[in-house]
Asker: 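One structure coming up, written as structure tokens, with questions to follow.
In what follows, chains carry the letters A, B, and so on, assigned in the order in which the sequence lines appear, proteins first and then strands, with residues in each chain numbered from 1.
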There are 2 protein chains.
Amino acid sequence: MSQSVDRAAAILDACAPGPQRLTHLADLLGVHRSTVLRLLQTLERHRLVRRLDDLTWTIGYGLIGLAVETLDRMDLRTAARPRLERLGQEIGHTIHLAQLDGHDIVYVDKVEGHGAVRMASRIGAPVQVHTAGVAKAILAGLPPDRCEAVLASATFERFTDSTITGRAEFAAELAKVRKQGYAVDDGEYESYLACVAVPVRDGGGAIRAGVSITALCAIERLEKLRRHLPRLWAVASEISRELGWTGPAGVGRSAG
Amino acid sequence: MSQSVDRAAAILDACAPGPQRLTHLADLLGVHRSTVLRLLQTLERHRLVRRLDDLTWTIGYGLIGLAVETLDRMDLRTAARPRLERLGQEIGHTIHLAQLDGHDIVYVDKVEGHGAVRMASRIGAPVQVHTAGVAKAILAGLPPDRCEAVLASATFERFTDSTITGRAEFAAELAKVRKQGYAVDDGEYESYLACVAVPVRDGGGAIRAGVSITALCAIERLEKLRRHLPRLWAVASEISRELGWTGPAGVGRSAG
DNA sequence: TCCTTTGTTGCACCATGCGCACACCCTTGT
DNA sequence: ACAAGGGTGTGCGCATGGTGCAACAAAGGA
């Protein structure tokens, strides 16, 4: 492990929520401000941070460029993006695409809904594995050992009255997802949000990703969101095909 | 300067174009593979890189999250995004938003056009300062010393027959931009692309950003793109107002 | 005008980062 | 079945790079 790189990474983490002063970063890291300044100067040289006019430090465009270049080259996103944009245009709700990443599930794409309210979810951020529809859609399609590995770190924290907090109860929920071919988040993370989600298959037919539609309950309750499932299954299936999957055609539990 | 952080940053740069093997990164950096492995392990711990199933290394979701979080918090982007999406929806061409960053100009937002062809421009990437319309729109509005500082590193490389390669010629072009209130790229970078651009003002009235419309000449030549200028000036003005600018209302040279 | 805070730099010291040697794993060829 | 080649991963001793300190500069507020 490299201590200097560790510190540099901590500086980057600290700068993402907003520009930070040198002395604040030194306090945060517990090192001398001359140490932080040298780390910042090296990060600045690579455009990973930049210094603003008021002498605060923020994330640099070089880092942003690395992230955007990486996202632009992801097959899953390339296959999904135009389809998610069209779907978002049609139905007007927030669309998420998420992918398994080791023992995490992360958002990899997002199409904002038409309404005045924006979801706080963010590309690159981890998904709540025990509440998010898209997480359940993926977990339900994983081999048991892989599913267990992802859930090993889950705390099953109660967020609302609807949150599933028991592991046995959650296993039953996943069995239900496998049976019906889609997952839901029925106010389990935020009581006023509802979501339906379906899995996306990779070229080998394995489930590594999922796509979801989320809406405010005040705008569209879960029952009405379910009406979009045929369309969502179709989108998932198209994405899966573009990734090389050659399984059964059509909508429903076999799709995606 | 920190040598370890320098190397870690070089690893990140190398991974953005695509996943890389350990031995390749060691060759690239000219250090021992055990050195690279330890740097990678530290970067992985902070989710700045991730290891794929085939043991190659790629940019991690943690880094992507830092970038997206930073972009999401930028006032300029927040003000611009819904307006650029609406404009893109209306006219169907690629829209760019770029901002001055020290002595560089970088793309900070982009709305893809409707057509089958996608522009290679990328958020976070630097703009060609002597050819891009959006760069000329910004440069024309800078104080002379600031403009010179940006141009100091420009090479005025000839890309097409239309490229402006003389500094005096370029100064004349900027004078023209000031006079007419908009800039163009008339096949100066790629012969088959045309673009119109206008500046965006910050809260204090200074010009630090610009917005542009780009199209394939085969779809819409420069003369027709000019017809979108009233709409583009209006968008730039709205963005400027949301950033706190209180200057003259209306379209034309005074706008944005 | 003075004090405080923040940012910056040169220098000496020591803790960390380095490469080496070895081990392990996987694939390919005989 | 075994050997060879290529790639990855780790423990350890040592040299060097990263560190904090002291001093200085700049800016802002009392």
Asker: Please confirm whether any donor atom in the side chain of B/R33 sits under 3.5 Å from an acceptor in the base of D/dG9, or the reverse.
Answerer: yes
Asker: Which residues within residues 13-25 of chain A lie with some heavy atom under 4.0 Å of an atom in DNA chain D?
Answerer: none
Asker: According to side chain to side chain donor-acceptor pair (under 3.5 Å), does anything in residues 144-154 of chain B pair up with another residue at least two apart or in another chain? List the pairs.
Answerer: none
Asker: Determine the minimum heavy-atom distance between B/A79 and B/R83, stating which atoms define it.
Answerer: O-NH1, 2.8 Å
Asker: So, OP1 or OP2 of C/dG17: does either fall under 4.0 Å of a side-chain N or O from A/S2?
Answerer: yes
Asker: Just the rounded figure in Å: distance from C1' of D/dG18 to CD of A/Q41.
Answerer: 13 Å
Asker: Do A/H130 and A/Y189 have ring centres separated by under 6.0 Å?
Answerer: no
Asker: Would you please classify the geometry between the A/F170 ring and the A/F156 ring as parallel, tilted or perpendicular, with 30° and 60° separating the classes?
Answerer: perpendicular
Asker: Of the non-hydrogen atoms in B/L71 and B/R77, which two are nearest, and what is the gap between them?
Answerer: O-NE, 3.3 Å
Asker: Using a distance-only test with no angle check, is there a side-chain donor-acceptor pair under 3.5 angstrom linking A/Q99 and B/Y61?
Answerer: yes
Asker: Can you tell me how far C1' of C/dT6 sits from CG of A/L52, to the nearest Å?
Answerer: 16 Å
Asker: In whole Å, I'd like the distance from the CZ atom of B/R38 to the P atom of D/dC12.
Answerer: 12 Å
Asker: Can you see if the side chain of A/R51 gets near the phosphate of C/dT8 - specifically, an N or O under 4.0 Å from OP1 or OP2?
Answerer: yes
Asker: If you check the A/L37 side chain, which of C/dG10, C/dT8, D/dG11 turns out closest?
Answerer: C/dT8
Asker: So which nucleotide from D/dG18, D/dT8, C/dT8 ends up closest to the side chain of B/L55?
Answerer: D/dT8
Asker: Under 4.0 Å between a side-chain N or O of A/R7 and OP1 or OP2 of D/dG18?
Answerer: no
Asker: If you assign each of A/D54 and A/S4 to its closest nucleotide in DNA chain C, which residue comes earlier from the 5' end?
Answerer: A/D54
Asker: Confirm from the modelled atom types if A/S34 and D/dC21 form a donor-acceptor pair under 3.5 Å, side chain to base only.
Answerer: yes
